[in-house]
Asks: 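Here it is: the structure, laid out below.
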Amino acid sequence: MKNTLRQVFHSPKFVAGFIIFVAVLMTLFIYPLFNPGNPLQMLALNSFSKPGTYVSVYDSIDTDSIVMKLPGAAEKRLEDKLSMDDRLAMKEWLVTAGVPEGDIDTTDTTNLLKIWKEKYDPSIKPAGMTIAKRNYYKRLTIDLDKALNSNEVTIATPNAETGALEEAKKINDTDYVNTKDVTNAITLPLGTDNFGRDVLKELVSAARTSIMIGFIAGIIATLIGLSTGLLAGYVGGMVDELILFITNLFTVIPGFIILILISYGIGQENRGATTVAITIGLTSWTWTTRSVRSQVISLRNRDHVNLSKLSGHSLPRIILSDILPYIASYVVMALILQISTAILAEAQLSMLGLGPKTTEVPTLGLMMNWAMVYSAHTHGYWWAYFPVLLIIALVSFSLNLMNTGLDQVFNPTLRD
Amino acid sequence: MKGYRKYFGKKIVWFILTLFIAFLLNFILPRMMPADPVANIMSKTARGMSDTNATKAMYDNYVKAFGLDKPMIVQFFTYIKNAVRGDFGVSFSQYPRKVTDIISSAILWTIGLQLPAIIVGWLIGNLLGALAAYMKKGFDKILMPISLFMSCVPAFGMAVIMLGIFALKLKVAPIAGGYGFDLIPNFSWTFVRSVIAHYQLPFWSIVIISVGGQAIGMRSMSIYELNADYVKYSRFLGVKDSKIVGYVFRNAMLPQVTGLALSIGTMIGGALVAEIIFSYPGLGTTMLSAVTSSDYPVLSATTLIITIMVLISSFTIDVIYGFIDPRVKAAQFD
């Protein structure tokens, strides 16, 4: 046993997979310690807020500010305000005013403004231009002037008695506050989802639930597969025929479809995470049965098994001490694969709207489902679905890597 | 021909048997659940009715109309009879559209998308796997982890990522649907071009997913065969390397063909979910809308059709296997 473990941990593939898996698992358990709270709590009223730090605008008014003169701050502000339509309109006017088209670069804000200041004259009336359009240019120029020579902004509060606005504070364009000083601020590293929940917190909780679903389903499937495989392989005869028949049947009839039928039958209200896990486990044991059966058949007539039989050992004892140790590695490998398939199965089921009920716990599949239902993928809200995919792929990759590593340890022919 | 007849006879009996069991499961599984479908319909139609006698009469009427008062076995054979005639009843959510109508408008899209994608993915995957096994150093080292990682990304995940890159960022492909939303299906050049444009992303996302898994399987098989005794013996005899490689890959292919027959159900399941991402007008999207609108007749018919499709394809692969496996071929000389 000790020797086998040492051998296993010498396989670089297994170790790499193991480290990734343990690292993911550790993160999932440690993160909630630093950031406790209900992962399903809705924080934002808007859906799909971008990742980043959000500070309270209200509180930042009261926060002590310092004056900073950052170079190019005004230009930056202007650049942000000046839309592409405005820039193109400016170019259009300048071209009609006789500036060569090659000189105007709409992406170079500073230069564009310089030419505009030199050339623009509200009194010129280019041919064919409507009054509305000419007024648009006038307004645009005023706006530009305002943005460049920034005035103060006055914060006013209404007087409780008269209702008149009274000046509370003046804010300059050079005032800065430290985000740490603002009383109310929240950092959302992955933004919020369609319900305005913190995606990262939700993701951590979802990944934990999904891995738990994987483990429950995997263990159930492996137990069923192991016992039927042992029975079929060791007892043989009619039992073998019957089990093999059922196994073949369920390999050909897609388990995914049976899963859909059962999940739909259970109904949305009764589908908890555990129920889904059990359902997945009950539909995915066929591969384990097959491989265990074929292993047991090859072991059945070995000398040590025959010796045990001659010594009058009972069936459970023979299976436990003479057969199981030889197929243990296969069973562990099958379990690892089952876990990763079960995580995927939950995700696929949830994408069809047949996952666990939505009010209790988030799962990776449900997060994916919500993101798709609210079309995060067509609007480019990557933070709502990409981290979920990454976790699914990472967990499944690490498990598969462990499996490949084990395969190479126990099947020397596969070694490079 | 006697060997073949026995092989195919066995396969056909097996096919019919699984088909029957599939019908049975499709019939029995939803009926094993505690929910009462008639009560479900009643809760919608009889809302606001206070006369209990009338409600009871309505309930009995529904039970009679659906044939629920007959014994289970009679219901089952009525179900099979109707299913064979292609009559799956009327959709709940798109009343009075026939379920057969909904399914038949979706099924061609699914077959047209998945059949070529799975075959192409299988071919490319096997080619890469064989290359990885043969070249070993370098090629194997890079390709192996990549294909392992690729095979771990779920099909719908690859679909979302491809959608993000090609449809949203690069804007070289349309975002959703099977054809332009402003078109009506016909055989004009614009329509065909639109279909081809919409086909690319779903197709390649399914291909890329199946490549990874197949490459890994083929690689293991090829390595196993390359180490087999007959290879060593042939080398010892001085048989040309290219000839040995030919034999090795032929032998390694056989388990891959069986593997395809066994895993085709899983692959189709994954690809169905990928369809949803692209709102491709196939069976996957039909299934999703059936689930969200609790349209039981459509869901049940979709699962049955998909099961039949999977059974037919694995049967076809079994038949092809019979022709290419020398052991089956040898059996006919017995």
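Letters A, B, ... are given to chains in the order of the sequence lines, protein chains preceding strands, and every chain is numbered from 1. Values below: every heavy atom of this structure, side chains too, minus hydrogens, waters and symmetry copies. Because the structure is predicted, anything quoted here is derived from the model rather than measured.
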Asks: Search all heavy atoms of A/Phe256 against all heavy atoms of B/Gly269 and return the closest pair with its distance.
Replies: CD2-CA, 3.5 Å
Asks: Hey, which of B/Leu19, B/Ile21, B/Thr18 has the most heavy atom pairs under 4.5 Å with chain A?
Replies: B/Ile21
Asks: If we define contacts as heavy-atom pairs under 4.5 Å, which of B/Ile276, B/Val153, B/Ile277 has the most with chain A?
Replies: B/Ile277
Asks: With only heavy atoms counted, which part of A/Met372 is less than 4.5 Å from chain B, the side chain, the backbone, both or neither?
Replies: side chain
Asks: As an exercise, state the distance from CD1 of A/Ile257 to CD1 of B/Ile268, rounded to the nearest 0.5 Å.
Replies: 9.0 Å
Asks: Measuring heavy-atom distances to chain B, does A/Tyr381 have an atom under 4.5 Å in its side chain, in its backbone, in both, or in neither?
Replies: neither
Asks: Mind listing the closest non-hydrogen atom pair of A/Val252 and B/Ser314 along with its distance?
Replies: CG1-OG, 3.5 Å
Asks: Who among A/Ile258, A/Leu394, A/Leu352, A/Ile392 has the most heavy-atom pairs with chain B under 4.5 Å?
Replies: A/Leu352
Asks: Less than 4.5 Å to any heavy atom of chain A: does that hold for the side chain of B/Ile306, its backbone, both, or neither?
Replies: side chain
Asks: Roughly how far, to the nearest 0.5 Å, is CG of A/Asn403 from CD1 of B/Ile216?
Replies: 10.0 Å
Asks: To the closest 0.5 Å, what do you measure between CZ (B/Phe20) and CG (A/Leu249)?
Replies: 11.5 Å
Asks: With a 4.5 angstrom heavy-atom cut-off, is it the side chain or the backbone of A/Ile260 that approaches chain B, or both, or neither?
Replies: side chain
Asks: Using non-hydrogen atoms and a 4.5 Å limit, figure out which bit of A/Phe245 sits close to chain B: side chain, backbone, both or neither.
Replies: both
Asks: For the residue pair B/Thr307 and A/Pro254, what are the closest heavy atoms and their distance?
Replies: CG2-CD, 4.0 Å
Asks: At a 4.5 Å cut-off on heavy atoms, which part of A/Thr404 comes close to chain B: side chain, backbone, both, or neither?
Replies: side chain
Asks: Compare all side-chain heavy atoms of B/Phe278 with those of A/Thr378 and state whether any distance is below 4.5 angstrom.
Replies: no
Asks: Looking at B/Leu25 and A/Leu261, what are the two nearest heavy atoms and their distance?
Replies: O-CD1, 4.3 Å
Asks: Calculate, to the nearest 0.5 Å, the distance between atoms CG and CE belonging to A/Leu354 and B/Met287 respectively.
Replies: 9.0 Å
Asks: Under 4.5 Å from any heavy atom of chain B, what part of A/Leu259 do you find: side chain, backbone, both or neither?
Replies: neither
Asks: Mind listing the closest non-hydrogen atom pair of A/Ala393 and B/Phe149 along with its distance?
Replies: CB-CZ, 4.1 Å
Asks: If you round to the nearest 0.5 Å, how far is OG1 of B/Thr292 from CG of A/Asn369?
Replies: 9.5 Å
Asks: Would you give the length of the straight line joining atom CD1 of A/Ile253 to atom OG1 of B/Thr303, rounded to the nearest 0.5 angstrom?
Replies: 11.5 Å
Asks: I need the minimum non-hydrogen distance between B/Val160 and A/Met368, along with the two atoms involved.
Replies: CG2-CE, 3.9 Å
Asks: Given heavy-atom pairs under 4.5 angstrom as the criterion, report whether the side chain, backbone, both or neither of A/Trp382 touches chain B.
Replies: neither
